[in-house]
Structure formats: C-alpha cells, structure tokens
*Asks:* 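Would you mind keeping the following structure in view while I ask a few things?
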Protein chains: 2
Amino acid sequence: MSPAPLANRLLTRLQHYVVFADDERAAIETACAGPPLAVRQRRDLIREGDRPRGVNLIVDGWAFRYKTLEDGRRQIIAFHLPGDLCDVHGYILREMDHSVGALTPVRYVEIPRDQIEALAALGPRVNQALWWDALTGAAIQREWTVNLGQRDALERLSHLFCELIFRLRVVGMVDGARCEIPLTQTDLAEATGMTPVHVNRMVQELRSRNLIRWKGREFEALDLDGLCDVAMFNPAYLHLDHEGRHLDANG
Amino acid sequence: MSPAPLANRLLTRLQHYVVFADDERAAIETACAGPPLAVRQRRDLIREGDRPRGVNLIVDGWAFRYKTLEDGRRQIIAFHLPGDLCDVHGYILREMDHSVGALTPVRYVEIPRDQIEALAALGPRVNQALWWDALTGAAIQREWTVNLGQRDALERLSHLFCELIFRLRVVGMVDGARCEIPLTQTDLAEATGMTPVHVNRMVQELRSRNLIRWKGREFEALDLDGLCDVAMFNPAYLHLDHEGRHLDANG
DNA sequence: CGTTTCCTTGACTTAACTCAAGAGGAGTGG
DNA sequence: CCACTCCTCTTGAGTTAAGTCAAGGAAACG
C-alpha cells in the first residue's frame with residue numbers, strides 16, 4: 001500500500017527498464033528537481049488546444065486523459081498513476097489534441113523541454129528508457145482499443161480492473177489484492193464506453209460472483225485469477241517482465 | 001493517385017516534420033538502403049510473441065496491426081499506409097504484444113537497430129522526427145479509442161473513412177476525393193468493432209445519403225464535408241499542420 | 001468455368017441504453 | 001444537531017442499436 005519513496009519517482013520508474021550509471025542517475029534526479037506543482041481534484045492539468053510546456057511527471061494522485069466530442073460525449077483515453085510520465089516529448093506535437101485532468105488532488109513536476117533533451121543526449125540508455133515509457137503507454141492504448149472493440153461490458157470492466165491492479169502493483173500501491181481506486185462508476189463508464197447504469201449492473205455482477213469487493217475507494221480483488229479469466233487478461237502488453245534486467249550500465 | 005517517389009519514403013515522411021541538413025538526409029537514405037523485402041497479401045510481417053529485429057518501413061501496400069483474443073475474436077488496431085514506420089524502436093519492447101499483417105502485397109525495408117540508434121545519435125532533429133512519428137501514431141490510437149468508445153456505428157465507419165482519406169492525402173495517394181481502399185467489409189468490421197453485416201448496412205446508408213461511392217477498391221468521397229460532419233471528424237489529432245515548417249536545418 | 005470470397009438482404013434476438021425514481025452518504029449551513 | 005443539497009449508487013421497466021442466423025447473388029480467382 002505504501003507508495004515508493006517520493007524522492008524520485010521518475011528514476012524509480014525508468015529503472016524498471018534500465019539500470020543507470022551514476023551520472024545518468026544524477027541527471028535524472030536533477031531533471032525532476034523543479035518545484036512541485038499541484039492541481040485540485042477534478043481540475044485540468046492541460047486542455048485540448050494548449051501548448052505543452054514540457055513533460056509532466058505525476059508524483060501523487062491519479063490523472064486521466066480525455067477527449068470530448070462536439071456534442072459533449074466524453075471518452076476517457078487513459079489513466080495515469082503516480083510515477084507516470086505524461087506525454088514524453090509531448091511538446092513535439094505542438095498542440096494538445098486532448099485534455100488531461102486530475103481525478104484526485106494531483107502533485108506533479110513539470111520537466112522542461114531542454115531538460116528532456118539533455119537527458120536524451122546523455123546516451124542511448126536514457127534515451128531508450130524514455131522510449132520504453134512512451135512505448136508501453138502506446139501498448140496500453142492498443143489494448144484499450146481491443147477492449148472497446150471486442151470485449152463485452154463485463155469483460156471490459158474486468159479488464160480495466162485487472163490492468164489497474166497490475167499497474168498499481170508496479171508502483172507498490174497494492175497490498176495483497178487490495179488497493180485504492182478513486183474512480184466513480186461514471187468515470188468507469190467514460191473509460192469503457194458504456195453508460196453509468198450499465199457499469200453499475202456489471203459491478204453488481206462481479207460482486208455477486210465474488211470476484212471483487214468495492215466500497216468507496218477501497219477495492220479488493222477477491223479472486224484475481226477469476227477476474228483475469230473473465231477479462232481474458234494477458235499482462236504481456238504491460239511489458240513488465242524485464243524490469244531492470246534488460247540493459248545495464250555495465251553493458 | 002500517384003504515390004510519392006519510391007526513392008525514399010522515410011525521408012519524405014520525416015520531412016513533413018523536419019527539414020534536414022545534408023548529412024542528416026544522407027544518413028536517413030543510408031538507413032533505408034537495405035534490401036527491400038516483400039510479404040504476400042494476407043500474410044504476416046511479424047507475429048505476437050516474436051522479437052522485432054528492427055523497424056519496418058512500409059514502402060508499398062497496406063499493412064495492419066491486430067490482436068487476437070483467446071476465443072478467436074480479432075481486433076484491428078491500426079492501418080499502415082505506404083511511408084509509415086512500423087514500431088519505431090519497437091525492438092525496445094523485446095516481445096511483440098500483437099501481430100502485423102499485410103492487407104495487400106507489401107514491400108518494406110527493415111531498418112536494423114543500430115542504424116536507428118545511429119540516426120538518433122545524429123542530433124536532436126532526427127531524434128525528434130522519430131519521436132514525431134511515434135507520437136502521431138499514438139495520437140491516432142487515442143482517436144480510435146474515442147471512436148470505439150463514443151461513436152455509434154455510422155459515425156465510427158465515417159470517421160475511419162475520413163482518417164484514411166486524410167492520411168492517404170499526405171502521401172499523395174488521393175486524387176481529388178478518390179482513392180483506393182483495399183479493405184473488405186470484414187476488415188472494416190474488425191477495425192470498428194462491429195459485425196460485417198452491420199458494416200454493410202452502414203455502408204449502404206452512407207451510399208444512400210450520397211456521401212460515398214465504393215465499388216471494389218475504388219473509393220470516392222462524394223461529399224467529404226458531409227462525411228466529416230457525420231463522423232464529427234476533427235483532423236487535429238493527425239498533426240498535419242506543421243509539415244516541414246516546425247524545425248529546419250537553419251535553426 | 002467452377003470455386004471461393006465477398007457482398008447483400010430479411011427476420012429475429014439480445015446486449016446495452018434510456019428514462020425515471022428512490023436510497024444512501026458526504027458535506028454545508030443554519 | 002438537524003435540514004438541506006448534491007452526488008453517487010441502485011433498481012425497474014421499456015426501447016433500441018447492433019448482433020445472429022441464414023440464404024441468395026455477385027464478383028473475383030485460379
């Protein structure tokens with residue numbers, strides 16, 4: 001349940017992929033040394049049409065990306081948990097094509113453009129770690145496409161729960177099978193492309209099958225394997241398997 | 001209708017974002033100088049579980065990414081048109097979490113890992129162009145999420161047609177409002193998360209509204225504005241607006 | 001020129017949506 | 001401390017968009 005030390009979440013995260021040399025580690029720590037910023041719950045970090053100033057690193061709290069259609073329909077595109085980098089190199093696409101909001105109060109650090117470039121210039125390892133971050137994000141987005149396109153309501157909801165549990169586990173925010181999920185059923189509806197009413201019915205169904213317990217923010221997977229089965233969840237797309245083992249400073 | 005010169009599609013594509021210096025241009029040309037490979041129609045370029053050797057550049061033909069669930073349901077995740085880079089730095093995620101197949105006969109070039117790294121090391125412009133490519137791909141994936149989550153069948157199909165037209169236009173494969181779309185209605189069904197029967201009905205509907213003409217591979221948007229309206233299509237997510245104007249070799 | 005693939009249409013079924021109303025909390029102010 | 005509001009969750013009844021199943025026709029292919 002206790003989150004990883006706040007000191008440097010970016011380092012913690014990137015080290016899932018690469019073991020850095022000392023100078024690289026120092027540079028990453030410097031990059032995150034900026035003043036911490038805060039957004040209140042249900043406010044936006046950045047809006048569609050804005051120019052991103054740099055890359056945002058979520059230190060605490062949950063954020064989400066969303067996109068709104070002309071007629072007001074809204075789709076949640078992604079969730080960001082503590083330790084996530086929002087839009088690595090997002091400033092390259094000069095204008096945001098979607099918005100990012102805070103689900104809970106969020107603390108974050110803005111890493112300016114030149115700092116990111118300096119990191120990338122340090123050598124292939126840091127650069128590749130940044131790519132790794134962006135590519136796992138893309139893999140998650142692909143899986144959401146599959147989820148929305150092929151799975152039915154119950155499978156879809158189960159799949160989202162599975163993904164959140166696995167991702168929270170990486171950042172040490174799961175205790176056994178319990179974690180905090182600060183989402184309303186309406187949030188889940190916007191993420192899974194269904195109505196809040198139907199989300200409710202599917203939650204009831206998962207409860208009645210003794211797969212989950214969920215009250216307020218307290219979530220527990222009573223039978224994670226069962227939940228994964230319902231969802232046809234295969235965690236391969238999260239690419240969690242080569243944490244720190246893939247490349248290291250000694251070759 | 002005539003495609004951009006085959007000589008170097010990667011260069012053509014990246015120059016939509018950056019105007020390169022001579023040495024950069026030369027390096028990119030070298031990277032694509034590998035022997036052209038070919039895949040037959042409806043065969044796979046790479047399968048889920050494989051280790052990508054490098055980055056694939058589509059020279060000719062259409063490819064598509066897809067993912068299959070345990071029970072056989074299949075979702076098409078993306079289409080790749082001539083000039084597209086498949087999985088920039090895909091080798092970083094050591095194992096493919098999905099497959100890539102050929103819709104038509106496809107000719108492509110495999111750019112090996114070290115060549116990509118050499119390109120990235122040339123300096124920020126080339127590196128940023130590669131990021132730009134990956135990030136626009138991610139933006140498209142996000143839009144597909146919105147499409148599947150929020151739009152109904154008619155809107156969804158219209159949106160996909162709009163996207164394809166806009167993307168084909170960039171590579172010079174649209175003549176007026178006419179282009180080749182080598183997809184079956186079953187392909188469209190797998191991309192839009194609906195049944196082939198329902199795709200057919202929606203195609204009929206678009207025809208009867210005089211929005212499209214489509215026979216064999218010959219596609220024509222009779223009223224592109226109307227089609228965009230139906231789809232609530234906003235091309236901003238394709239980030240086509242700063243072609244070559246953003247960064248150039250002279251600062 | 002036969003075979004396979006793709007498209008088309010109709011009749012019926014179903015998963016998910018809509019509308020509506022009530023219950024349970026959480027927070028606020030009198 | 002109670003009354004109030006607001007928000008989220010819950011449940012029921014009726015509707016609809018999309019799916020299923022089935023069969024015929026057109027086109028492409030080898």
Side-chain angles (χ1 to χ4, degrees), chain A residues 40-43 69 71-76 101 103-105 147-161 180-208 212-219 230-231, chain B residues 40-43 62 69 71-76 101-105 147-161 180-208 212-219 230-231:
Chain A
R40 284 200 274 173
Q41 193 167 20
R42 302 284 164 180
R43 296 288 173 80
L69 299 184
D71 64 359
R73 278 178 277 175
R74 189 165 90 148
Q75 175 70 33
I76 292 180
L103 278 166
T104 64
N147 211 23
L148 288 164
Q150 296 301 323
R151 282 185 256 255
D152 69 20
L154 191 70
E155 295 165 346
R156 214 139 82 212
L157 192 63
S158 307
H159 194 278
L160 180 52
F161 283 138
E180 279 199 12
I181 296 195
L183 300 171
T184 66
Q185 294 185 358
T186 302
D187 295 328
L188 287 176
E190 289 181 348
T192 55
M194 45 209 224
T195 56
V197 172
H198 203 55
V199 167
N200 182 268
R201 291 191 234 265
M202 295 302 104
V203 168
Q204 307 291 347
E205 175 68 22
L206 292 177
R207 283 188 185 127
S208 77
I212 68 168
R213 220 154 41 93
W214 188 28
K215 174 93 177 153
R217 305 185 147 198
E218 296 299 319
F219 182 94
V230 169
Chain B
R40 283 199 276 175
Q41 192 167 22
R42 301 286 163 180
R43 295 289 172 80
W62 286 38
L69 299 184
D71 63 358
R73 278 177 277 175
R74 190 164 90 148
Q75 175 70 34
I76 293 180
L103 278 167
T104 64
N147 210 24
L148 287 164
Q150 297 301 322
R151 283 186 255 255
D152 70 20
L154 191 70
E155 294 164 347
R156 216 140 81 211
L157 192 64
S158 308
H159 193 280
L160 180 53
F161 282 137
E180 279 199 12
I181 295 195
L183 300 170
T184 66
Q185 293 185 359
T186 303
D187 295 327
L188 287 176
E190 290 181 347
T192 54
M194 46 209 226
T195 57
V197 172
H198 203 55
V199 167
N200 182 268
R201 292 193 235 264
M202 296 302 104
V203 168
Q204 306 293 348
E205 175 68 22
L206 292 177
R207 283 190 186 126
S208 77
I212 68 169
R213 219 153 42 94
W214 188 29
K215 174 97 176 149
R217 303 183 148 197
E218 296 299 319
F219 182 94
V230 169

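Every chain is numbered from 1, with letters handed out A, B, ... down the list of sequences.
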*Asks:* So, does Q150(B) use its side chain to make a donor-acceptor pair with the main chain of G193(A) at under 3.5 Å?
*Replies:*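 Here the side-chain-to-backbone pair does not exist.
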
*Asks:* What heavy-atom pair brings V230(B) and S158(B) nearest, and what distance separates the two atoms?
*Replies:*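 Smallest heavy-atom distance, with atoms named: CG1-OG, 3.3 Å.
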
*Asks:* Counting only side-chain N and O atoms of N200(A), is one of them less than 4.0 Å from OP1 or OP2 of dT10(D)?
*Replies:* yes

*Asks:* Quick one: which of dC7(C), dC9(D), dG19(D) gets closest to the side chain of T184(B)?
*Replies:*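 For the T184(B) side chain, the nearest candidate turns out to be dC7(C).
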
*Asks:* Could you state the CG-P distance from L188(A) to dT8(D), rounded to the nearest angstrom?
*Replies:*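 Result: 12 Å.
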
*Asks:* Do the charged groups of R42(B) and D187(B) touch, with an N to O distance under 4.0 Å?
*Replies:* yes

*Asks:* Rounded to whole Å, please give me the gap between CD in Q204(A) and C1' in dA16(C).
*Replies:* 16 Å

*Asks:* Determine: side-chain N/O of R207(B) to OP1/OP2 of dT8(C), distance under 4.0 Å, yes or no.
*Replies:*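 The answer is yes; a side-chain N or O of R207(B) sits under 4.0 Å from OP1 or OP2.
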
*Asks:* Between the main-chain N or O of L154(A) and the side-chain N or O of E205(A), is there a donor-acceptor pair closer than 3.5 Å?
*Replies:* no

*Asks:* Rounding to a whole Å, what distance do you find between Q41(A):CD and dT8(D):C1'?
*Replies:*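 Taking atom C1' of dT8(D) as the reference, CD of Q41(A) is at 13 Å.
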
*Asks:* Using atom CG of D152(A) as one end and atom P of dG19(D) as the other, report the distance to the nearest whole Å.
*Replies:*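 In whole Å, dG19(D) P and D152(A) CG are 12 Å from each other.
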
*Asks:* Atom CZ of R156(B) to atom P of dA18(D): distance rounded to whole Å?
*Replies:*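 Going from R156(B) (CZ) to dA18(D) (P), I get 7 Å.
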
*Asks:* Between T186(A) and H198(B), which is nearer to the 5' end of DNA chain D once each is assigned its nearest nucleotide?
*Replies:* T186(A)

*Asks:* For the pair R217(B) (side chain) and E180(B) (backbone), establish whether a donor and an acceptor sit closer than 3.5 Å, ignoring hydrogens and angles.
*Replies:* no

*Asks:* Using whole Å, report how far CD of Q185(A) lies from C1' of dT11(D).
*Replies:*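 It is 12 Å, rounded to the nearest whole Å.
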
*Asks:* Without decimals, in angstroms, what is the distance between E218(B) CD and dA28(D) C1'?
*Replies:*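 Going from E218(B) (CD) to dA28(D) (C1'), I get 15 Å.
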
*Asks:* How would you label the contact of V203(A) with the nucleic acid (heavy atoms, under 4.0 Å): base, sugar-phosphate, or nothing?
*Replies:* nothing

*Asks:* With a 4.0 Å cutoff (strictly under), does any side-chain N or O of K215(B) reach OP1 or OP2 of dA27(D)?
*Replies:* yes

*Asks:* Could you please name the option among dG10(C), dA18(D), dG19(D) that lies closest to any side-chain atom of T195(B)?
*Replies:*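 That would be dG19(D).
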
*Asks:* Could you state the atom-to-atom distance from CZ of R42(B) to P of dT4(C) in whole Å?
*Replies:* 18 Å

*Asks:* Could you check P196(B) against A153(A) and say which one's nearest nucleotide on DNA chain C is further toward the 5' end?
*Replies:*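 The residue closer to the strand's 5' end, by nearest nucleotide, is P196(B).
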
*Asks:* Within the modelled atom types, does a donor on one side and an acceptor on the other bring the side chain of R201(A) and the base of dT18(C) under 3.5 Å apart?
*Replies:*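 When only heavy-atom distances are counted, R201(A) does reach the base of dT18(C) through a donor-acceptor pair under 3.5 Å.
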
